[in-house]
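Quick notes on the structure that follows.
Everything quoted here is computed from the prediction, not taken from an experiment. Heavy-atom basis, side chains included; hydrogens, waters and symmetry copies ignored.
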Amino acid sequence: MALQLWETLKEAITAYTGLSPATFFTVLALLWAIYYVVTGLFGSSDDRHQRSRSFEEQMEPLPPPVQLGEISEEELKQYDGSDPKKPLLMAIKGQIYDVSQSRMFYGPGGPYALFAGKDASRALAKMSFEDKDLTGDISGLGPFELEALQDWEYKFMSKYVKVGTIKKTVPVTEGADSAEASTDAKPAEDGPSDGAVATEEKSSGADAKEE
């Protein structure tokens, strides 16, 4: 029975396609392989729809930069791109810039993502990706590093909008505390205390009585 069906199938293939059964199945296998490769390259319709939607989201116009004024380095960390509703910010030499238009570079997953939400002056000057260099402290840098940092600053000034500055913290030194303490104690040195004056007046009254 199975052999009869196979013979009937071979005759039908030859009659309708003009190809031998071997050629027909070879062509069928090639077509299936091509279909598999094409679908693997371009993905399913759901994947294509998701990619097109992501592309449309990227093409949406960015909101205008919001001026933040003076903020602390801790507050700047909130704008590292982890929250898509907030702008993507980065600072150079204490000046904060909105780099949202370059999210592919400074946003999550980008090559410079670790610079976002920080003053990365030292890291940019040294072209370093180490955590210890993710700071605005540029003391001890050489002339070539300072020149590289200057180039980065010019690039940011020409390409991005400045939205604020980093609040500078002034450390309280021990010398300042000592000076303040000595200032508070100085009035006591200018004249006798109230107790000494009262004692002196009492002594004078006693001498007068004896006379």
Check the pair Gln78 / Lys86 against side-chain contact (heavy atoms from CB on, under 4.5 Å), numbers first and verdict last. CA-CA 8 Å; Gln78 302 175 14; Lys86 292 183 178 180; 3.4 Å; yes
Intermediate values then yes/no, side-chain hydrogen bond (donor to acceptor under 3.5 Å, both in side chains), Ser121 and Asp119: CA-CA 6 Å; Ser121 299; Asp119 187 331; 2.5 Å; yes
Show the numbers, then the answer: is there a side-chain contact (heavy atoms from CB on, under 4.5 Å) between Ile138 and Leu149? CA-CA 9 Å; Ile138 58 175; Leu149 179 60; 3.7 Å; yes
Verify side-chain contact (heavy atoms from CB on, under 4.5 Å) between Ser102 and Lys159, making sure each step is shown before the conclusion. CA-CA 10 Å; Ser102 298; Lys159 187 175 182 180; 3.8 Å; yes
Residues Glu74, Lys167; criterion side-chain contact (heavy atoms from CB on, under 4.5 Å); working and verdict: CA-CA 10 Å; Glu74 193 65 30; Lys167 188 184 301 181; over 6 Å; no
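Counting all heavy atoms, side chain and backbone alike, Pro108 lies closest to Ala113 at CA-CB, 4.3 Å.
Side-chain atoms of Arg122 come within 3.5 Å of backbone atoms of Asp137 as a donor-acceptor pair (strictly under, hydrogens ignored). At least one donor-acceptor pair closer than 3.5 Å links the side chain of Gln67 to the backbone N or O of Lys162. Lys77 contributes no side-chain N or O that, together with a main-chain N or O of Glu73, makes up a donor-acceptor pair within less than 3.5 Å. Not a single donor-acceptor pair under 3.5 Å links the side chain of Gln95 to the backbone N or O of Ile92.
For Glu75, the side-chain hydrogen bond (donor to acceptor under 3.5 Å, both in side chains) test picks out Ser72, with sequence neighbours left out.
Both Ile166 and Tyr79 are part of a single hydrophobic cluster, where members link through side-chain heavy atoms under 4.5 Å apart. Tyr160 and Leu89 fall into different hydrophobic clusters, defined by Ile, Leu, Val, Met, Phe, Trp and Tyr side-chain heavy atoms under 4.5 Å apart, directly or through other members. A chain of hydrophobic side-chain contacts below 4.5 Å, direct or via other Ile, Leu, Val, Met, Phe, Trp or Tyr residues, connects Phe156 to Leu88. Following chains of ILVMFWY side-chain contacts shorter than 4.5 Å, one can reach Leu114 starting from Met90, so the two form part of one hydrophobic cluster. Phe115 and Tyr154 fall within a single hydrophobic cluster, where Ile, Leu, Val, Met, Phe, Trp and Tyr are joined by side-chain heavy atoms under 4.5 Å apart, directly or via other members.
Here the CZ-CD distance, from Phe144 to Glu147, works out to 7.5 Å after rounding to the nearest 0.5 Å.
Between Glu153 and Lys93, some side-chain heavy-atom pair lies under the 4.5 Å cut-off.
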Residues 123-134, side-chain donor-acceptor partners within the protein, below 3.5 Å, at least two apart:
{"residue": "Ser128", "atom": "OG", "partner": "Glu130", "partner atom": "N", "Å": "3.2"}
{"residue": "Ser128", "atom": "OG", "partner": "Asp133", "partner atom": "OD2", "Å": "2.6"}

